[in-house]
Amino acid sequence: MVKAKTWILKKHFDGFPKESNFELKEDVLPELRDGDVLVKAVYLSLDPYMRSVHKQKQFISPYKYLNLLSGRVVKSKDPAFPEGCYVVANCGWRTHSVTKAKGPAGPTMTRIVSEWPSDISMSLALGSLGILTGLYGLEEVCKIQPGETILVSAAAGAVGAMVGQICKIKGCKVVGSAGGDDKVAYLKELGFDQAFNYKTVSSLEEALKNASPEGYDCYFESGPSFTAALKNMKPGGRIAVCGAIATYNDTTPQMCPYPHHEIITRQLKIEGFMVSSWQHKDDESVKRMLKWMKEGKLKTKEVVTVGFENMPAAFIRMLKGDGLGKAIVKV
């Protein structure tokens, strides 16, 4: 008999989440059936988009990349996932889970590549080296080319920091905006050509123009700079939209002013995307990212909270933007 600790959503959020919205419970897991795998969590991921799906009764969802954990298989009735192997699975906020490799909505679990170096923490499989939002947004959506200029909002976040560094690897100029002077300093450490604090500039539109007077070929959007960025895009510019952390806690959805004139006259392409669209490329992509990191071309920061009992507090800190880097809970 295996018992699992699990966090559930006791009360739906009204505005910004509170620790009182959550409740810690314990349940007994069922015996394994054919195709089942028992996974023990080692690290759990915390991401802004979890706030946008708060209407789920529990932090368990059919969506591909929701509430991920990096864990070890401790018992298995699926030969593709033998005991002792490490996996990334979307099992919710749980210490132990009985799951299958595929659910009604598609894959729920993948093995961490066997080439994963022993000197790189497997927590990175939940962020910089595993969630390939930045890579696919640049390669598949924006289709960036050497010599282009890329604008990245929320650039000091787990995704934005990867986006900027991949741009430099691919020979692009990159400008980042972030909400703090410490975050701006971090972007400069990572090699961003220009970076500014969007909270303190007198005019966001002017800050964007000063950072790149010639304009921007691509814009990686996950922050509050959309309207101002449109006016600084080059003709034929491409915009990849992957998130909206600045609006997730709003009780009334925000809508930007009508930007149709800028979109039409500049002939802009705007595309929202989800990283699961290119899942078939994940293994090759992870290996490329690992290679870049081993070569010193990629750097990453994590904000690690120790203790499963601290999940709600860590989640709230992440939504407030506290700390630099990917938010992780070590079980």
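The residues of the chain are indexed from 1 along the displayed sequence.
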Distance-only donor-acceptor check, side chains Ser45 and Asp47, under 3.5 Å: yes
Charged N to carboxylate O under 4.0 angstrom, Glu214 versus Lys173? yes
Stepwise, does the side-chain contact (heavy atoms from CB on, under 4.5 Å) test hold for Leu44 with Val331? CA-CA 7 Å; Leu44 290 118; Val331 178; 3.1 Å; yes
Of all heavy-atom pairs between Leu126 and Leu69, which one has the smallest distance, and what is that distance? CD2-C, 3.5 Å
Is it true that Val303 and Val329 fall in one hydrophobic cluster, defined by side-chain heavy atoms closer than 4.5 Å? no
Please determine whether a side-chain nitrogen of the Lys or Arg among Lys143 and Glu139 lies less than 4.0 Å from a carboxylate oxygen of the Asp or Glu. no
Below 4.5 Å, heavy atoms only, C-beta onward: do Lys168 and Phe192 meet side chain to side chain? no
Step by step, work out the side-chain contact (heavy atoms from CB on, under 4.5 Å) result for Ile150 and Tyr219. CA-CA 6 Å; Ile150 318 300; Tyr219 173 36; over 6 Å; no
Counting heavy atoms not belonging to Lys40, are there more than 12 under 6.0 Å from its NZ? no
Give a yes or no on whether the ring-centroid distance for Phe22 and Trp93 is below 6.0 angstrom. yes
Could you tell me whether Lys75 atom NZ has more than 12 heavy atoms of other residues or ligands within 6.0 Å of it? no
Within the distance-only criterion (no hydrogens, no angle test), does the side chain of Asp193 pair as donor or acceptor with the backbone N or O of Val174 below 3.5 angstrom? yes
Nearest heavy-atom contact between Thr149 and Ser212 is CG2-OG, 3.5 Å
Indicate whether the side chain of Ser123 and that of Ser121 have a donor and an acceptor atom separated by less than 3.5 Å. yes
Does anything in residues 20-33 pair up under side-chain hydrogen bond (donor to acceptor under 3.5 Å, both in side chains), and if so which pairs, sequence neighbours excluded? Asp27-Arg94
So which heavy atom on Leu135 is nearest to which on Ser285, and how close? CD2-CB, 3.6 Å
Under 6.0 Å between ring centres, would you say that holds for Tyr86 and Phe81? no
Under the side-chain contact (heavy atoms from CB on, under 4.5 Å) rule, what do Val152 and Val175 come out as? Steps first, then yes or no, please. CA-CA 6 Å; Val152 187; Val175 175; over 6 Å; no
Same apolar cluster: Tyr186 and Ile166, side chain cutoff 4.5 Å: yes
With a 4.0 Å cut-off, would you call Lys77 and Glu83 a salt bridge? no
When you compare the side chains of Glu205 and Ser203, does any donor N or O come within less than 3.5 Å of an acceptor on the partner? no
For Tyr136 and Asp282, which I'm curious about, is there any donor-acceptor pair between the side chains at under 3.5 Å? yes
Carefully, step by step, assess Arg238 and Glu148 under the rule salt bridge (charged side-chain N to carboxylate O under 4.0 Å, His left out). CA-CA 11 Å; Arg238 295 92 70 198; Glu148 291 188 322; 2.9 Å; yes
Classify the angle between the aromatic ring planes of Phe220 and Phe273 as parallel (below 30°), tilted (30 to 60°) or perpendicular (above 60°). perpendicular
Kindly indicate whether the side chain of Asp78, heavy atoms from C-beta on, has any atom under 4.5 Å from the side chain of Lys100. no
